[in-house]
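Note sheet for the following structure.
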Amino acid sequence: MNKIFLSLFILIFAISANALQSLKIANGQYLAFESYSAAGPEAPTLIMLPGINRALDSRDAVIKQMMRQKKFNFVTYHTSLHPESLKLIPQNEFAYFEKSDVSISDLANESLILVKKLKIKNPVFVSLSYSSVISSQLAKMNVTKLIIEVAPMIRFDESDPEGSQGAAFWKNWFSLFPGMGEIWANNFLKQAYARYWSVRVDEMLQEETNKDLRDLMIKAYSQLSIAADGFDYREQDFSNSPIRHFIVADKEDEVRADFQRDAIEIYQQAAQTENIVITVKDAGHIVPSEQPQQYIDALRKILKSEGLIK
């Protein structure tokens with residue numbers, strides 16, 4: 001009984017000791033993150049990039065399971081546009097994205113600032129759905145030798161191909177008007193994404209009555225959408241890419257799965273490599289949440305194949 005109590009105490013202490021921490025990048029720009037380094041300084045450190053809604057963190061079963069393993073260290077963080085980071089902004093500061101739009105380069109730089117802050121020498125970036133757009137930018141920046149793509153987003157409009165056709169029509173129409181056309185197109189996107197995210201945010205907040213937080217979340221999520229608008233994973237220059245391995249799901253949406261197969265084939269041909277592609281069984285799109293143990297096993301297999309763990 002004492003051993004069981006001690007084990008539970010250690011687990012609870014580990015979770016509380018690694019609760020969300022705050023990193024200030026600039027006024028109105030903060031990152032909420034968690035860092036786990038039980039594997040020791042010589043072990044590889046995975047930088048867990050977030051999905052569109054939020055990052056995985058100690059609320060999630062997969063992170064709690066990863067905390068118990070001793071093969072690798074990992075850091076998980078919410079972008080400055082996610083609610084957990086928005087809540088860190090003091091009342092006397094305005095959110096930085098209210099002054100200008102956020103780019104994918106801005107989001108990629110956030111992960112690099114975090115890596116520098118934590119003094120991580122050889123990071124391995126692990127995407128999750130939406131954040132394949134961030135990992136793609138990191139690949140261009142030559143900051144890592146290895147990227148692990150998990151259920152990667154290939155096209156930003158892949159979940160709504162019909163709706164995207166209408167948006168593409170209006171963007172093309174606006175482009176016929178030099179100068180003002182770009183401004184009109186940007187305003188059109190902001191309004192369209194604000195309408196979409198207002199519904200989603202209301203679903204997330206449910207009984208939350210903080211109107212300021214609600215409005216800020218809608219603007220922030222719209223910025224995530226605008227930053228990735230027009231993204232197509234397959235259009236990268238893979239010939240100079242870091243090594244990439246893929247973790248996909250066997251019950252993925254059919255359209256997304258087709259896009260993923262296309263992207264992996266294009267990468268393999270351009271990089272001239274037979275990379276690892278692991279298919280997780282009985283999982284849909286959010287692999288880590290649906291099959292945490294298979295996900296962790298896949299990470300271990302990839303790190304072992306690269307000689308980073310034994």
Side-chain angles (χ1 to χ4, degrees), residues 25-32 49-55 77-91 93-111 127-137 152-175 180-206 208-233 256 285-286:
I25 296 177
N27 282 346
Q29 185 179 11
Y30 293 78
L31 295 187
L49 304 176
I52 184 70
N53 290 321
R54 67 175 180 89
Y77 78 97
H78 303 264
T79 74
S80 60
L81 299 172
H82 283 127
E84 288 76 4
S85 296
L86 297 178
K87 293 174 183 177
L88 298 173
I89 302 175
Q91 290 186 348
E93 294 181 15
F94 290 97
Y96 76 107
F97 54 83
E98 295 191 274
K99 299 177 181 177
S100 60
D101 290 338
V102 179
S103 69
I104 288 301
S105 293
D106 295 328
L107 296 176
N109 281 328
E110 288 185 348
S111 66
S127 73
L128 177 60
S129 185
Y130 171 89
S131 53
S132 64
V133 71
I134 299 176
S135 64
S136 297
Q137 182 63 32
M153 178 183 75
I154 306 304
R155 284 176 58 99
F156 183 63
D157 58 6
E158 63 190 15
S159 62
D160 184 18
E162 292 183 5
S164 67
Q165 290 177 4
F169 169 82
W170 285 109
K171 284 189 290 183
N172 291 334
W173 187 80
F174 287 133
S175 69
M180 288 302 297
E182 184 177 346
I183 296 173
W184 293 340
N186 187 261
N187 288 335
F188 164 76
L189 283 178
K190 286 184 177 180
Q191 292 173 17
Y193 286 130
R195 286 194 296 270
Y196 171 80
W197 282 110
S198 63
V199 176
R200 294 289 303 278
V201 167
D202 285 341
E203 292 172 351
M204 294 178 196
L205 292 177
Q206 294 180 350
E208 174 67 55
T209 58
N210 187 334
K211 183 178 183 301
D212 290 339
L213 176 61
R214 176 188 181 275
D215 292 346
L216 200 60
M217 286 174 61
I218 292 170
K219 292 177 183 177
Y221 278 125
S222 295
Q223 284 292 315
L224 280 171
S225 296
I226 290 169
D229 189 79
F231 172 74
D232 193 324
Y233 187 99
R256 284 174 170 162
H285 187 58
I286 310 301

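All heavy atoms count here, side chains included; hydrogens, waters and symmetry mates do not.
Here the CZ-OH distance, from R155 to Y233, works out to 15.5 Å after rounding to the nearest 0.5 Å. The distance from atom CD1 of I226 to atom CG of L81, rounded to the nearest 0.5 Å, is 10.5 Å. We find the CG-CG distance between L205 and N210 to be 8.5 Å, quoted to the nearest 0.5 Å. The distance from the CG atom of N109 to the CD1 atom of I25 is 9.0 Å, given to the nearest 0.5 Å. Note that CG of N53 is 11.5 Å distant from NE2 of H78, once rounded to the nearest 0.5 Å. Taking CD of E110 as the reference point, atom CG of L49 lies at 11.0 Å (rounded to 0.5 Å).
Not one N or O on the side chain of S80 forms a donor-acceptor pair closer than 3.5 Å with the backbone of Q29. Without hydrogens or angle criteria, H82 side chain to G51 main chain gives a donor-acceptor distance under 3.5 Å. Panel note: side chain D106, backbone S103; a donor-acceptor pair is recorded below 3.5 Å. Between the side chain of S222 and the main chain of I218, a donor-acceptor pair closer than 3.5 Å is present. At distances below 3.5 Å, not a single donor-acceptor pair connects side-chain atoms of S129 with backbone N or O atoms of M153. Checking side-chain atoms of S85 against main-chain N and O of T79 turns up a donor-acceptor pair under 3.5 Å.
Nearest approach of I89 to G28, heavy atoms of both residues: CD1-O, 3.6 Å. For L216 against F97, the heavy-atom pair with the smallest separation is CD1-CZ, 3.8 Å. In this structure, S136 and S132 approach most closely via the heavy-atom pair OG-O, 2.6 Å. The two residues A228 and F156 make their nearest non-hydrogen contact at O-CB, 3.4 Å.
In this structure, R256 and I154 have side chains that are not in contact, with every pair of non-hydrogen atoms separated by 4.5 Å or more.
For the pair R54 and E84, the salt-bridge criterion is not met [side-chain N within less than 4.0 Å of a carboxylate O]. Ionic pairing of D215 and K211 is present here: one or more N-O contacts between side-chain nitrogen and carboxylate oxygen are shorter than 4.0 angstrom.
With sequence neighbours excluded, the residues satisfying side chain to side chain donor-acceptor pair (under 3.5 Å) with Q137 are S105.
Ring pair Y221/W197 is parallel by interplanar angle, where below 30° counts as parallel and above 60° as perpendicular.
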